[in-house]
Number of protein chains: 2
Amino acid sequence: MRTAICERLGVEFPLFAFSHCRDVVAAVTNAGGFGVLGAIAYTPEQLDTELTWLDERVGGRPYGVDVLLPGKVDAQALDREARLADAVPERHRDFVAHLMAKYGVGGAGGPIGGPIGGPAAGSADEVGRRVTAAGAAGLIDVALKHPIGLVASALGPPPPELVARAREAGVPVAALVGTVEHARRQVEAGADIIVAQGTEAGGHTGEISTMVLVPQVVDAVGPVPVLAAGGIASGRQMAAAMALGAEGVWCGSVWLTTEEAETAPAVKRKMLAASSLDTVRSRSRTGKPARQLRSAWTDEWDSGQESPGPLGMPLQLLVAESAMARIGAAAERGEPGALELANYFVGQVVGQLDQVRPAREVVYAMVSEFADAVERLGRLSG
Amino acid sequence: MRTAICERLGVEFPLFAFSHCRDVVAAVTNAGGFGVLGAIAYTPEQLDTELTWLDERVGGRPYGVDVLLPGKVDAQALDREARLADAVPERHRDFVAHLMAKYGVGGAGGPIGGPIGGPAAGSADEVGRRVTAAGAAGLIDVALKHPIGLVASALGPPPPELVARAREAGVPVAALVGTVEHARRQVEAGADIIVAQGTEAGGHTGEISTMVLVPQVVDAVGPVPVLAAGGIASGRQMAAAMALGAEGVWCGSVWLTTEEAETAPAVKRKMLAASSLDTVRSRSRTGKPARQLRSAWTDEWDSGQESPGPLGMPLQLLVAESAMARIGAAAERGEPGALELANYFVGQVVGQLDQVRPAREVVYAMVSEFADAVERLGRLSG
């Protein structure tokens, strides 16, 4: 397959794989796609370790790094002296305690902002900091010391310093957007590639569907190349996205149920069983609307009678990450209340994910189905 | 273009045009597409007149008729003796009166359930009745006396009598669905064609996007042919839908801003100016979630402090149609409050609609852009 973006980035298939898991990034990159590591889970030192691990495995093939740069954050996150956790109001702490009791989540109740487990070691306080321009800059400095082929930023226009640093290093900058207006703003801010992400996508997402958004963004920012994201987990969907004018696709959810994914086993099982009706766009995990598995966590925050309503970003992220660390551990022990609460970011394509496959196989299946879909279309068109 | 559905229905392009306006239906049908007249606005006698008008203009080319058959309706609508309007609670009447006063809507305040203007002459009470199986049967009896090529039903599985009558007349039945489960149920109930409609569509719509829904429905009901609806108003979007496995597309919104459309001028201007962010899925016009222009009407019902919340179907339809008749007239007089309230069903593609064109031109442009998109895809695929 040959799109301008393939030439520019030196990849075989314009299939971008966003994942927090280095094994997925390596597998996709080695299969001819373009893996992009979500950096937000790591400290700069950890990120350095992850990228070194990747460099040793991808044989010079290009891969990318993704950071989160919300346009607006809670003011407390910008004050480096304050402990973020101190800014979490009492009634939000109380509500979390109430949820833990109501759902009988066992285990030690770590303090909000305290250590969180999983691959993202460190404290929730640190994770909260990373979604600021200063936090992201620390991650990007590390990333640019590695032979990366792309820096991607989600949520807000990349700060000028970030663009300048990437430019200097010869690394293109991609930006995720959910509206035409944001796409224009990102291009003005220096983005080299736009990822137009529909509402059906997992994680932070807007309201406009991929089918509607992509052609509008293509028309608005051309000749800047556009990747389509949201609702894409098969070759037919990849062909559809490219029929809309995209030069490639950006997929996240489809990797969460691969063999390599570090998705918590209980959550992975939920995803394999879920239908496309089982996701919700909720502010309950990060403070900004993000699509995720609907669970007791989202129900309680979004419509529970006692809910104080979610905080902004990153305070809600702090609250949720701290609680989810405990909920996740309890869910793995099989505690039923914790299983009800457990969730994770995933798009509506979760309804298509019903088996665990190696990431490499997913890439090959998508490329092959893409070719079939294009051939069928050609026949219909006559 | 040649898909199985083209052969079966005897059309050139698998482009289905849903419209309440006979001029649009005629124009699309004569341009090689397949027009489908929304029958809900008409009494059986009026429908007979409309279809006779169509028969005289389409030269034997096939067209269809669409009725609304909600799976669940307010019990009052099934009691043929009661006046539907009597079942509207006092606080809903009061809320409408409050809105009219707050937005300074002038003109006579017709009683709820009373006569409504526009192309859908008759009383709102009658309109409310038409969304019952008995009401729809009356319309279908009339339709089957004409050489129609399709009966379509939205919202619920078609009652067995309806399917039997259409079958006997040799007319295929199409059913609109928003989930895989509903698609399966419709096929079991005898539907010959499934229209898989994504959340971005105008009118009654579910939560799953077209990109995600269509392939799942295709896989679930094949070999029953699937049309894609929602987010389709251009040839690129048509190509995308067919890459997903659809045999054709079903479009509604794109016709609302055509020359032929009877869309109220003030609402048409709103549509031409709207972006894709300016729609909302709201129960405020019919009692069931339907995508429409966001306006003071949807805001007040969905989140206004004094809102009693919408009623079910068809009572909310009754309330809304009665009020909208008055609001529409005031909006045409240029009353600012009425202009704030005025709205109509439309999908997220409204952001693409920025000029008034003849419906025929829209068909030709879509077919031509479809061919270009398929050719581009073929080149990319190599």
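Heavy-atom distances place no part of B:A233 under 4.5 Å from chain A, backbone and side chain included. With a 4.5 Å cut-off on non-hydrogen atoms, B:V180 does not touch chain A at all. In this structure, chain A has a heavy atom under 4.5 Å from the backbone of B:A246, while its side chain stays farther away.
Taking chain A as the reference chain and counting heavy-atom pairs below 4.5 Å, the highest number among B:D372, B:I208, B:T3 is found for B:I208. Chosen from A:V367, A:L213, A:T179, A:D219, the residue pairing most often with chain B at heavy-atom distances under 4.5 Å is A:D219. Counting heavy-atom pairs closer than 4.5 Å to chain B, the top-ranked of the candidates A:C6, A:A373, A:S381 is A:S381. Interface check for chain A: of the options B:A371, B:A239, B:S234, the most heavy-atom pairs under 4.5 Å are formed by B:A239.
A pairwise comparison of heavy atoms in A:L377 and B:A243 identifies CD1-CB, 3.9 Å as the closest pair. Nearest heavy atoms, A:S276 versus B:V212: OG-CG1, 3.4 Å. When every heavy atom of A:M211 is checked against every heavy atom of B:G231, the shortest pair comes out as CG-O, 3.3 Å. B:Q237 and A:P215 get closest at one heavy-atom pair: NE2-CG, 3.7 Å.
Atoms CG and CD, from A:L380 and B:E247 in turn, are 7.5 Å apart once rounded to the nearest 0.5 Å.
Using a distance-only test at 3.5 Å, with no hydrogens or angles considered, no donor-acceptor pair links the side chain of B:E207 to the main chain of A:L277.
Sparse packing is recorded around CZ of B:R294, with 12 or fewer heavy atoms of other residues, nucleotides or ligands lying under 6.0 Å away.
When the heavy atoms of residues 345-356 of chain B are compared with those of chain A, the residues falling under 4.5 Å are B:Q348, B:V349, B:G351, B:Q352, listed by number.
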